[in-house]
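As structure tokens, the structure follows; a few thoughts come after it.
In this text the structure is predicted, and so the values were computed from the model without any measurement. Whatever order the structure lists ligands and atoms in, that order sets their numbers, starting from 1.
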Amino acid sequence: PTIYAITPTYSRPVQKAELTRLANTLRQVSRLHWILVEDAAARSELVSRFVAAAGLPCTHLHVPTPRRYKRPGLPRATEQRNAGLAWLRQRHQHLPPPQPGVLFFADDDNTYSLELFHEMRTTRKVSVWPVGLVGGRRYERPVVENGKVVGWYTGWRADRPFAIDMAGFAVSLQVILSHPKAVFKRRGSQPGMQESDFLKQITTVEELEPKANNCTKVLVWHTRTEKVNLANEPKYHLDTVNIELCAQS
Ligand code: UGA
Ligand code: MN
């Protein structure tokens, strides 16, 4: 199967660094299609040029997050992930029978091992695995007994039906196509509940397929890039050349 990786991304000083690191990983994965979705009213020149030179199959989409949703404490990238889902569904609706595929949500700042992609490629419906450096712990993981998920080892809101980060699961293309209405929702979705709200629409805990040696190996890390210090940037642009560094330059 082809792996489809949906990556929401937005303009900021570290954007090109994040995308470079991610592309360097994804380029090493065979049969991978990258769906890069800019949080913007139009495709930026920076990302367009980046995609053209990335050296891997890539679809470049864009949709802006409505301003009212750009607030701390609200879920991020809802519209972008939905745009990726819509593209995937549209592309496959006229291609019967559905081509084998696996969908994975790859945020632009996480760290992905190559082994992770081997694991997720055998997803039949929905697969899950541990995520490192998340939930206020060194890792979170699905608790597995006799090959079945029976609970969640998590430091945060253990009452969530699927107590898992966006980086902790993959979904087969067939499940995405057979649940055409499954999307990320703004209404009623609190931050940290997006994953659960989405997974509830397409699967059950009993059905989950544990990967990474019964969820005992961390193959992906929820790393976050620190806010860059620009305290010494000149007020007026004094450099004489136009440096392509971030989307604002
Ligand atoms: C956590 C989860 O790991 C995310 O999957 C979830 O979307 C997020 O919380 C949330 O609060 O909704 P966190 O590291 O806090 O992640 O979030 P970011 O990495 O800042 O953002 C997640 C993705 O959305 C990234 O790929 C980022 O580039 C993108 N994003 C973020 C946008 O497209 N627009 C924004 O305004 C912010
Ligand atoms: Mn992140």
Side-chain angles (χ1 to χ4, degrees), residues 4-23 25-26 34-44 46-47 50-51 54 58-87 103-112 116 128-141 152 154-157 160 162-171 183-199 218-228 246-248:
Y4 295 90
I6 297 184
T7 301
T9 187
Y10 69 112
S11 170
R12 62 216 193 270
V14 300
Q15 183 180 31
K16 196 173 177 186
E18 305 282 30
L19 294 178
T20 298
R21 194 155 40 90
L22 179 54
T25 301
L26 298 183
W34 196 12
I35 305 171
L36 195 50
V37 192
E38 279 195 78
D39 181 354
R43 291 187 187 88
S44 70
L46 177 128
V47 176
F50 181 85
V51 160
C58 182
T59 297
H60 180 188
L61 308 175
H62 70 90
V63 57
T65 302
R67 255 173 106 117
R68 62 187 178 281
Y69 296 136
K70 282 262 190 192
R71 279 199 280 125
L74 292 184
R76 301 181 189 126
T78 303
E79 292 74 20
Q80 290 72 33
R81 293 191 186 104
N82 285 341
L85 286 169
W87 179 87
L103 164 68
F104 170 58
F105 295 103
D107 288 354
D108 63 3
D109 57 343
N110 294 334
T111 305
Y112 307 94
L116 177 70
V128 293
W129 52 78
V131 177
L133 314 178
V134 72
R137 295 198 175 178
R138 289 181 302 150
Y139 60 87
E140 289 182 341
R141 73 178 197 95
W152 309 94
T154 172
W156 187 79
R157 290 203 62 171
R160 288 175 288 163
F162 299 82
I164 196 168
D165 185 78
M166 205 65 77
F169 65 90
V171 184
V183 290
F184 292 93
K185 298 194 167 106
R186 280 284 177 194
R187 282 180 63 131
S189 192
Q190 301 156 288
M193 294 303 284
Q194 291 197 101
E195 296 86 344
S196 262
D197 290 344
F198 181 71
L199 288 169
V218 175
L219 301 176
V220 56
W221 293 264
H222 183 251
T223 43
R224 303 185 77 199
T225 303
E226 79 171 294
K227 210 172 150 32
V228 66
C246 60
Q248 292 93 345

Do Phe105 and Val171 make a side-chain contact, defined as non-hydrogen atoms from C-beta onward lying under 4.5 Å apart? no
Per side-chain hydrogen bond (donor to acceptor under 3.5 Å, both in side chains), Glu18 is matched among Arg21, Lys16, Gln15 by Arg21
Just to be sure I understand the cut-off, which residues have at least one non-hydrogen atom under 4.0 angstrom from an atom of ligand 1? Pro8, Thr9, Tyr10, Arg12, Asp39, Lys70, Pro75, Arg76, Ala77, Arg81, Asp107, Asp108, Asp109, Asp165, Met166, Gln194, His222, Arg224
Relative to each other, are the rings of Phe184 and Phe198 parallel, tilted or perpendicular (30° and 60° limits)? parallel
Testing the 3.5 Å rule here: is there a donor-acceptor pair between the side chains of Thr65 and Asp39? yes
Using side-chain hydrogen bond (donor to acceptor under 3.5 Å, both in side chains) as the criterion, point out the one residue from Arg141, Arg137, Glu140 that pairs with Thr154. Glu140
Verify side-chain contact (heavy atoms from CB on, under 4.5 Å) between Val14 and Asp109, making sure each step is shown before the conclusion. CA-CA 10 Å; Val14 300; Asp109 57 343; over 6 Å; no
Given Asp107, which partner from the list Arg76, Arg224, Arg81 fulfils the side-chain hydrogen bond (donor to acceptor under 3.5 Å, both in side chains) test? Arg81
Closest approach of Pro75 to Gln194 (non-hydrogen atoms, all atoms of both residues): CB-CD, 3.3 Å
With 2.8 Å as the limit, count the protein N, O or S atoms near the Mn ion (ligand 2). 2
Can you tell me which residue among Ile164, Val220, Val218, Leu219 is in a side-chain contact (heavy atoms from CB on, under 4.5 Å) with Trp129? Val220
